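Report on one structure; see the data block that follows.
Note: hydrogens, waters and symmetry copies are ignored here, and every other heavy atom, side chains too, is used. Keep in mind that this is a model prediction, so the values were computed, not measured.
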Amino acid sequence: MDNPTILIIDDHRPVGMLLENVLRLHGYGVLYAETGKEGLELACREAPALILLDIMMPEMDGFHVCEALKADERTRDIPVVFISARGEAPAVDRSKAVGGAGFIHKPFKSQQIIEVLDGLLRSRDSS
């Protein structure tokens, strides 16, 4: 897959900008949404290769966004990686239960993000 596009859904713009810069430096295309609703609309319209999703957001948290993505046939096969400061076991377990493909703890290292994305996208392309 050449230059896959990653959708970042995170209400904290500085984190979104950091992720965006890291991804662009590694050749990824980037879409950004600050709310769950906006993220759902972008995912349906643009069909990104992968979604990086924050858990703690106002109005619609990341768990509910992921459930909505997995319930929609247009987006159900897009891998979702949660990124959150909520790294305790219940949050990780719930992320898996709603269909998450991975979980990255904040604060994160740039290389960690790239390794997770590259691994998920490679396994998706080979299946």
Side-chain angles (χ1 to χ4, degrees):
M1 180 179 247
D2 294 323
N3 299 322
T5 297
I6 308 300
L7 170 57
I8 301 164
I9 306 173
D10 193 315
D11 65 316
H12 194 237
R13 187 63 183 136
V15 172
M17 289 172 59
L18 173 63
L19 287 167
E20 192 171 334
N21 289 334
V22 168
L23 295 174
R24 287 192 193 284
L25 282 171
H26 286 86
Y28 289 103
V30 179
L31 299 168
Y32 178 76
E34 287 190 30
T35 68
K37 183 179 181 218
E38 182 185 354
L40 289 170
E41 291 168 0
L42 267 174
C44 288
R45 188 172 63 241
E46 302 293 333
L50 189 140
I51 297 171
L52 290 173
L53 178 59
D54 187 25
I55 291 176
M56 295 183 291
M57 296 186 293
E59 297 176 30
M60 185 178 212
D61 70 22
F63 298 126
H64 289 102
V65 172
C66 190
E67 287 172 331
L69 289 165
K70 297 305 174 184
D72 189 319
E73 68 182 41
R74 297 170 294 176
T75 56
R76 75 170 43 121
D77 294 328
I78 301 171
V80 176
V81 175
F82 285 92
I83 297 183
S84 182
R86 287 182 60 185
E88 65 273 7
V92 175
D93 292 343
R94 183 155 181 220
S95 73
K96 291 176 188 172
V98 298
F103 194 103
I104 297 172
H105 303 273
K106 289 180 186 176
F108 52 81
K109 293 188 177 351
S110 299
Q111 191 57 39
Q112 177 187 18
I113 298 286
I114 298 306
E115 287 171 4
V116 169
L117 298 187
D118 285 350
L120 283 169
L121 292 172
R122 255 193 316 274
S123 69
R124 182 180 182 196
D125 286 347
S126 66
S127 55

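In M56, the CE atom is crowded: over 12 heavy atoms of neighbouring residues, nucleotides or ligands sit closer than 6.0 Å. Summarising the local packing, NZ of K106 is surrounded by more than 12 heavy atoms from other residues, nucleotides or ligands at distances under 6.0 Å. Under a cut-off of 6.0 angstrom, the local environment of CD in E59 is sparse, with at most 12 non-hydrogen atoms contributed by other residues, nucleotides or ligands. Heavy atoms of other residues, nucleotides or ligands lying less than 6.0 angstrom from CD of E73 number 12 at most.
Here the closest heavy-atom approach between residue M60 and residue A68 is recorded as CE-CB, 4.4 Å. Closest of all the heavy-atom pairs between P79 and A101 is CB-CB, 4.1 Å. Nearest approach of E20 to Y32, heavy atoms of both residues: OE1-CB, 4.3 Å. Of all heavy-atom pairs between P58 and D11, the closest is CD-OD2, 3.3 Å. Taking each heavy atom of C44 and R74 in turn, the nearest pair found is SG-NH2, 3.4 Å. In terms of heavy atoms, F103 sits closest to S95 at CD1-OG, 3.5 Å.
Although no hydrogens or angles enter the test, the distance criterion places a donor-acceptor pair under 3.5 Å between the side chain of K70 and the main chain of R76. Of the possible donor and acceptor atoms, none in the side chain of E46 sits under 3.5 Å from a partner among the backbone N and O of L42. D61 contributes no side-chain N or O that, together with a main-chain N or O of M57, makes up a donor-acceptor pair within less than 3.5 Å.
With V80 as the partner, the side-chain contact (heavy atoms from CB on, under 4.5 Å) test is satisfied by one option alone out of L120, L69, T75: L69. Each of I55, L53, D54, I113 was checked for a side-chain contact (heavy atoms from CB on, under 4.5 Å) with I83, and the lone residue meeting it is I113. Residue I6 is tested with L31, I51, L19, L121 for a side-chain contact (heavy atoms from CB on, under 4.5 Å); the sole match is L121. The side-chain contact (heavy atoms from CB on, under 4.5 Å) test with L117 is passed by exactly one of I104, V22, L50: L50.
For the atom pair CG of L18 and NE2 of H12, the computed distance is 11.0 Å after rounding to the nearest 0.5 Å. Rounding to the nearest 0.5 angstrom, the gap separating the SG atom in C66 from the CZ atom in R94 is 10.0 Å.
The hydrophobic clustering, which links ILVMFWY residues whose side-chain heavy atoms are closer than 4.5 Å, places I9 and V116 apart. Tracing side-chain contacts under 4.5 Å through hydrophobic residues (I, L, V, M, F, W, Y), one reaches V81 starting from Y28; they form part of the same cluster.
Side-chain contact between I114 and L23 is present, with at least one heavy-atom pair separated by less than 4.5 Å. For the pair N3 and T5, the minimum side-chain heavy-atom distance is 4.5 Å or more. Side-chain contact between H105 and V92 is present, with at least one heavy-atom pair separated by less than 4.5 Å.
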*Decide side chain to side chain contact (heavy atoms under 4.5 Å, CB included) for D10 and L52; before the verdict, give the C-alpha distance in whole Å, the side-chain angles of both, and the deciding distance to 0.1 Å.*
CA-CA 8 Å; D10 193 315; L52 290 173; over 6 Å; no

